[in-house]
Trainee: 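To start, I am sharing the structure in question, which I have written as structure tokens.
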Amino acid sequence: MKIAVTYENGEVFQHFGHTEQFKIFEVDGKNIVDTQIVDTNGSGHGALAGMLASLRIDTLICGGIGAGAQNALAEAGIQLYGGVSGTVDEAVNALISGTLEYNPDVHCNHHGHHGEGHACGENKHGCAGSEDSCH
């Protein structure tokens, strides 16, 4: 299995469409056998799903993610675990062990409305997984 996680400074980056890097994990059973960090080279929302598909990613862990990107991932056959925060390594270990806390209804429907210090997927603003906007 290949798992991609939106990545910034070791943490799960909170806005899928703006992530500049993914950390890719190759997993055999319950063991991580390889990791690498991959630059997105400025790819936007739509191109990222295609990029992940070309890397043969099975699973994506991220913070906030919009409906269009969710649909593109579903069409590519990539399983989504959204609304995740914390360190990337801990998130992958939790997924492998079956204890990952995620939000199956994660949404980011307020693009362009982010205030200082706010990112999609942050539960402290009450918007991760909500259809309400944060402003």
Trainee: By side-chain contact (heavy atoms from CB on, under 4.5 Å), which residues pair with A76, not counting sequence neighbours?
Mentor: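 A76 satisfies side-chain contact (heavy atoms from CB on, under 4.5 Å) with A53, I78 only.
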
Trainee: With heavy-atom distances below 4.5 Å as the criterion, would you say the side chains of L80 and P104 are in contact?
Mentor: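 L80 does not reach P104 side chain to side chain.
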
Trainee: May I ask you to test the T40-F22 pair for a side-chain heavy-atom distance under 4.5 Å?
Mentor: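 Yes, side chains in contact.
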
Trainee: Using side-chain contact (heavy atoms from CB on, under 4.5 Å) as the criterion, point out the one residue from T35, I37, I57 that pairs with I24.
Mentor: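 The option that passes is I57.
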
Trainee: Counting N and O atoms only, with roles assigned by atom type, does the side chain of D39 sit under 3.5 Å from a partner on the main chain of N41, one being a donor and the other an acceptor?
Mentor: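 Answer holds: no.
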
Trainee: Tell me, please, which residues at least two apart from E8 pass side-chain contact (heavy atoms from CB on, under 4.5 Å).
Mentor: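 Partners of E8 under the side-chain contact (heavy atoms from CB on, under 4.5 Å) test: F13.
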
Trainee: I'd like to check the side-chain contact (heavy atoms from CB on, under 4.5 Å) partners of E26; sequence neighbours left out, ordered by chain and number.
Mentor: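 Partners of E26 under the side-chain contact (heavy atoms from CB on, under 4.5 Å) test: K2, V33, D34.
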
Trainee: Which residue pairs pass the ring-ring contact (aromatic ring centres under 6.0 Å, His included) test with at least one member in residues 62-102, sequence neighbours excluded?
Mentor: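 Pairs touching residues 62-102 that pass the test: Y81-Y102.
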
Trainee: Could you tell me the separation between the OG atom of S85 and the CG atom of N103, rounded to the nearest 0.5 Å?
Mentor: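 Interatomic distance, S85 OG to N103 CG, rounded to 0.5 Å: 11.0 Å.
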
Trainee: Do any pairs count as a salt bridge (Lys or Arg N to Asp or Glu O under 4.0 Å) and have a residue in residues 47-72, sequence neighbours left out, and if so which ones?
Mentor: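 The answer is none; no pair qualifies.
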
Trainee: Can a donor-acceptor pair be found, under 3.5 Å and without considering hydrogens, that links the side chain of T19 to the backbone of F16?
Mentor: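 No: the side chain of T19 does not pair with the backbone of F16.
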
Trainee: Compare every heavy atom of G63 with every heavy atom of T6, then report the nearest pair and how far apart it is.
Mentor: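 Residues T6 and G63, closest heavy atoms: OG1-N, 4.0 Å.
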
Trainee: For L52 and L60, what are the C-alpha separation, side-chain angles and deciding distance, and is it a side chain to side chain contact (heavy atoms under 4.5 Å, CB included)?
Mentor: CA-CA 9 Å; L52 293 174; L60 170 70; 4.1 Å; yes

Trainee: Nearest heavy-atom pair of I65 and Q70: which atoms, and what distance?
Mentor: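 So the minimum-distance heavy-atom pair works out to O-NE2, 3.2 Å.
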
Trainee: Under the 3.5 angstrom rule, does the side chain of Q14 hit a backbone N or O of V12 as a donor-acceptor pair?
Mentor: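 Indeed, once roles are kept as given, a pair shorter than 3.5 Å links the two residues.
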
Trainee: With a 4.5 Å cut-off on side-chain heavy atoms, are M1 and T59 touching?
Mentor: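 Answer yes - side chains close enough.
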
Trainee: Name every donor-acceptor pair, under 3.5 Å, that has one atom in a side chain of residues 91-98 and the other anywhere in the protein, sequence neighbours excluded.
Mentor:
{"from": "N93", "atom 1": "ND2", "to": "D89", "atom 2": "O", "distance (Å)": "3.1"}
{"from": "S97", "atom 1": "OG", "to": "N93", "atom 2": "O", "distance (Å)": "3.2"}
{"from": "S97", "atom 1": "OG", "to": "A94", "atom 2": "O", "distance (Å)": "3.2"}
{"from": "S97", "atom 1": "OG", "to": "T99", "atom 2": "OG1", "distance (Å)": "3.0"}

